[in-house]
Amino acid sequence: TELRLSHQWSDNDVRHKVAQIVADEVAAADVDLEIRIFPTQSLFKAREQYTPLSRGQLDMTVLPLSYAGGQQPAYNLTLMPGLVKNHDHAARLNDSEFMGEIEKILESDDIMTLVPGYLAGGFAGKDGCITGPDDMPGKQTRAAGKAFEQMLAGAGASIASMASSEIYNAMQTGVLDAANTSSSSFVSYRIYEQVNCYTPAGDYALWFMYQPLLMNKSTFDDLTEEQQAALMAGAEKATAFYLEEAKKEDAESRKVFEDAGVEIAEMSEAEFNAWRELAKETSYKMFIEETPGGDKLLEMALSVD
Amino acid sequence: MAGHSSAAVAHTANNPFLRAVAALSTLAGWCSAAMIVAAVAITCQMIWIRFVMNGSTIWQTEAVIYLMIAATLIGLSYVQRLRGHVNVDLLPLAFGPKARKMLAVITLGLSVAVVGIMLFYGYEFWHFAWERGWRSDTVWGVRLWIPYLALPIGFALLLLQLVADLYAVIAGIDAPFGLEDA
Amino acid sequence: MDPLLLGALVAVATIGVLFSGVSVALGLLIVSGGFLVAFDGMRSLELMPEIFFGKLDNFALLSIPMFIIMGASIASTRAGADLYEALERWLTRVPGGLVVSNLGACALFAAMSGSSPATCAAIGKMGIPEMRKRGYPDGVAAGSIAAGGTLGILIPPSVTMIVYGIATESSIGRLFLAGVIPGLLLVALFMAWSLYSTWRSGEASVLSAGRYSWRERFEILPRVLPFLAIIVGVLYAMYGGVATPSETAAVGALLCLVIAMVIYKLWNPKDLWVVLRDSTKESVMILAIIAAAGVFSFMLSSLFITQSIAEWIGTLEANRWVIMAAINVFLLIAGFFLPPVAVILMAAPILLPIITSAGFDPIWFAVVLTINMEIGLISPPVGLNLYVINGIAPDISLRTILMGSLPFVACMIVAIVLLCLFPGLATWLPDLVMGPSV
Ligand code: NA
Ligand code: NA
């Protein structure tokens, strides 16, 4: 049997390696199962993967779950400011009742999670550092994710929407003053050449995005028991790897920016709390408004210690 | 020789069906052009808001994208009517009149089939989004059935124009591939 | 079935279907649909409309109709004639000055228009009759305009560069800059050939007819100002922090429409509709090919053909210049038959990994590819520019137009060779303006 796995990243990205580990483990188990990986959007575009996955036209994907937030608003909680404090906290969240609820919603779309995992990101400023909400007024900002756009707009920033690949040019010509995206995007798009200050994910970080490896559930159920076992074993190995690498990625981006002579700023606890207060007034509020049962889900997520 | 047919548009003679389809395609062409103009205006407005007013631009990018997609899909039938879709007619030119007509019927038949498939699954996709209340994952959060509506409408119009073209060739009202000097 | 064998089958089917006279966009959908049903089952067939829609779901595509409107609105006024006349008054003493001024006008017009046929039409409407009246051979008159028009896609803005940028995720700003120096190089080569051929014909004195006083020469300069205003305006918007390159196109389109209406009095609704209709027609045609080619490349990828071809070429261990030469021959042949946009979209996903793994710069390759596509524009059987010329001057036979453009094809091949010898011709300017590439 051959399974098709699609994702949007290049083959030296962590998320490709996670998929590769599962593919390799399954191949090594010799259970007549092969996973064929289509990287760099070579089969589906990034945001077009969820629907075919849920309809069984695609077997597996590694996907930022919030991309499907327009179909299942609850997924917007997987990219919500201040919900995750650091990677260990993210790991606890993955085992929580909250994630159980998300899994139920996935199941209603005939999807299951094989490898859970969060990646973090930070802020970069062309002129000044961005650590707290007071740094935002008047800045043309590109934010990653709807909830972040709402929060940053609440802080007085002007929001410009564009692909992360356009950040570099927009910063260079002065269209943008600030950007918020993942640690790996900051590095791969060489944003360090255009900014003066970088606020990486540190002891306090705001931006965490849930990007699991997902599989169509019916396809999984149709596999033999040996094949399912091989998949689960591979997934377990990949989960551990994912967490370790996620931590490394933040440190690496910090080093790359530092080496490029960019000032590194830290977010303090007080600033983190200020962001969170702001988020309660903006992104959390809007999330609850548009999501049936959203208040309960949010409460569940916030209760994870 | 072949290429971007500068030849006349599809002939309708005085056939009411062909004329009705032609009128519908022309109307679609106006809509398509209007959407392109709207996209220009919205983009300029966005630049104004951002560059001059230093304000937020939330909905413009998305609106422009959907307008361009709709302009393309809705415009398909009009461009088909104007014979504006570029083609390579090496084989038709090599063939005699009879074989040429046969080839025209086959290619138009295949086109009708593939556009029919696009219409069927396009409708299904639109219906899926409508039934489940999908929205785009942005602050604007457009109800996706609205932009997706361009799929069934655009392909239905194109299907109609293709069927009309097929009929015109079979009935001898229009020359196969618009090649007048057979 | 072995993916490589399947790939060969797809190639044969595609050629067969496309040569049958069906439009390129529908032909690609027919081939894709057929192979998906036969080798991938219904589940992939169901996805076709979704992928068609998704390929168009890209903000950068906006710039295609915008750059087409820029060219079309200005082309429908007497601006092209003004530009050409101004150059002619200044260059009249040079033997062959008329051809040189036509080529110069094409180059300047190309800096405002993203498409080649538009450039061709704008300058040719006035230039071709004028050249013939002054005793230039039909072939030279038609060939120089056909070739000069191709500059439309090399000198920025360029629709094909946008399509390449989208297909390969390269920076469109960088691609535009990469085309500038090679564009000027081509203009120089075209002019050199024109001067040489005029001089060789021995009729230099006849050909330089037409005398203008200094007064007449300065009189016409203000009429070139709108052009400068548009070019400067667009450059400022693009590189001056006003907007991203794709947004700039809208500024350009608006600027051109306004200038056409205010300065050239293009406010009759009928005339405006013609501009809009032609722009819509060309844009929808190109966007439909983009979307259909997206479905086609989904089919290739889904059947693992793309990946297998790239792997197979990787194992050949050929010299990188042999690979480059082979790619150029392939593109040249494809360009004979297919419009540039279709070639780029179908070839880019397969060629790009090969190009980068052989150590070539994708931005540099975009320029080589574009010049290659320019050759296709003036060669049969699908040479869009040839048909534009044929439309302007129906009494010049296609054969004569073709023979006239052949020397210019030679100039383009020389330009490709020069680019291979000196890659800096393409990469120096973007690196200077935008910093070294990623
Ligand atoms: Na151009
Ligand atoms: Na050609």
Side-chain angles (χ1 to χ4, degrees), chain B residues 1-4 6 29 32-33 36-37 39-44 46-47 50-51 61 64-66 68-69 71-73 75-76 78-80 82 84-93 103-104 106-108 110-111 113-115 117-119 121-122 124-125 147-148 150-151 155 162 176-177, chain C residues 17-27 29-30 33 45-50 52-53 56-59 61-62 65-66 69 117 237 241-243 247 249-251 253-254 257 273 276-277 279-285 287-289 291 337-339 380-384 386-387 390-391 398:
Chain B
M1 281 295 166
H4 205 50
S6 50
S32 171
I36 291 178
V37 173
V40 178
I42 292 174
T43 310
C44 292
M46 168 168 80
I47 296 170
R50 196 175 54 215
F51 183 68
T61 318
V64 164
I65 291 174
Y66 292 141
M68 291 313 307
I69 297 176
T72 307
L73 283 160
L76 286 174
Y78 182 57
V79 178
Q80 174 68 24
L82 294 182
H85 288 295
V86 64
N87 68 344
V88 187
D89 42 9
L90 282 183
L91 290 179
L93 283 165
L103 187 65
I106 293 172
T107 55
L108 278 169
L110 281 173
S111 301
V114 80
V115 171
I117 290 171
M118 298 294 281
L119 171 60
Y121 290 117
E124 202 185 39
F125 186 56
Y148 287 174
L151 276 171
F155 283 117
L162 285 168
F177 302 101
Chain C
V17 170
L18 289 186
F19 282 9
S20 75
V22 71
S23 66
V24 172
L26 284 175
L29 286 181
I30 291 172
L45 191 72
E46 292 167 14
L47 285 163
M48 283 173 60
E50 218 172 316
F52 191 94
F53 189 96
L56 297 173
D57 187 354
N58 186 331
F59 186 79
L61 288 174
L62 161 80
M66 303 302 118
I69 290 179
V242 178
E247 295 163 3
V251 179
L254 189 74
L257 272 175
W273 167 243
L276 215 53
R277 183 198 63 198
S279 308
T280 305
K281 193 169 109 177
E282 192 175 342
S283 310
V284 170
M285 184 265 286
L287 290 169
I289 293 178
F337 301 103
L338 293 170
V382 178
L384 292 185
L386 298 179
Y387 304 107
N390 198 228
L398 269 171

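Heavy-atom basis, side chains included; hydrogens, waters and symmetry copies ignored. Within every chain, numbering begins at 1; the chains are lettered A, B, ... in the order of the sequence lines, protein sequences first and strands thereafter.
- In this structure, C/F52 and B/F155 have perpendicular ring planes: the angle between them is above 60°, well past the 30° mark.
- Annotation: maximal heavy-atom pairing with chain B below 4.5 Å, among C/I69, C/I30, C/L276, C/L61, occurs at C/I30.
- Only the side chain of B/I47 has a heavy atom closer than 4.5 Å to any heavy atom of chain C.
- In this structure, chain B has a heavy atom under 4.5 Å from the side chain of C/M66, while its backbone stays farther away.
- Heavy atoms of C/L45 lying under 4.5 Å from chain B belong to its backbone as well as its side chain.
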Residue pair C/V22, B/L110: steps toward the side chain to side chain contact (heavy atoms under 4.5 Å, CB included) verdict = CA-CA 9 Å; C/V22 71; B/L110 281 173; over 6 Å; no
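- Atom OG of C/S23 sits about 8.0 Å away from atom CG of B/L162, to the nearest 0.5 Å.
- Of the atoms belonging to C/L257, not a single heavy atom falls under 4.5 Å from chain B.
- Put simply, OG1 on C/T280 and CG on B/L82 are 10.0 Å apart, with the number rounded to the nearest 0.5 Å.
- With a 4.5 Å cut-off on non-hydrogen atoms, C/L18 touches chain B through its backbone but not through its side chain.
- Both the backbone and the side chain of B/Y121 have a heavy atom closer than 4.5 Å to some heavy atom of chain C.
- Using cut-offs of 30° and 60° for the angle between ring planes, the B/Y66 and C/F53 rings count as tilted.
- The distance from the CE atom of B/M46 to the CD atom of C/E247 is 4.0 Å, given to the nearest 0.5 Å.
- Neither the backbone nor the side chain of C/N390 comes within contact range of chain B; no heavy atom of the residue lies under 4.5 Å from a heavy atom of that chain.
- Heavy atoms of B/V40 lying under 4.5 Å from chain C belong to its backbone as well as its side chain.
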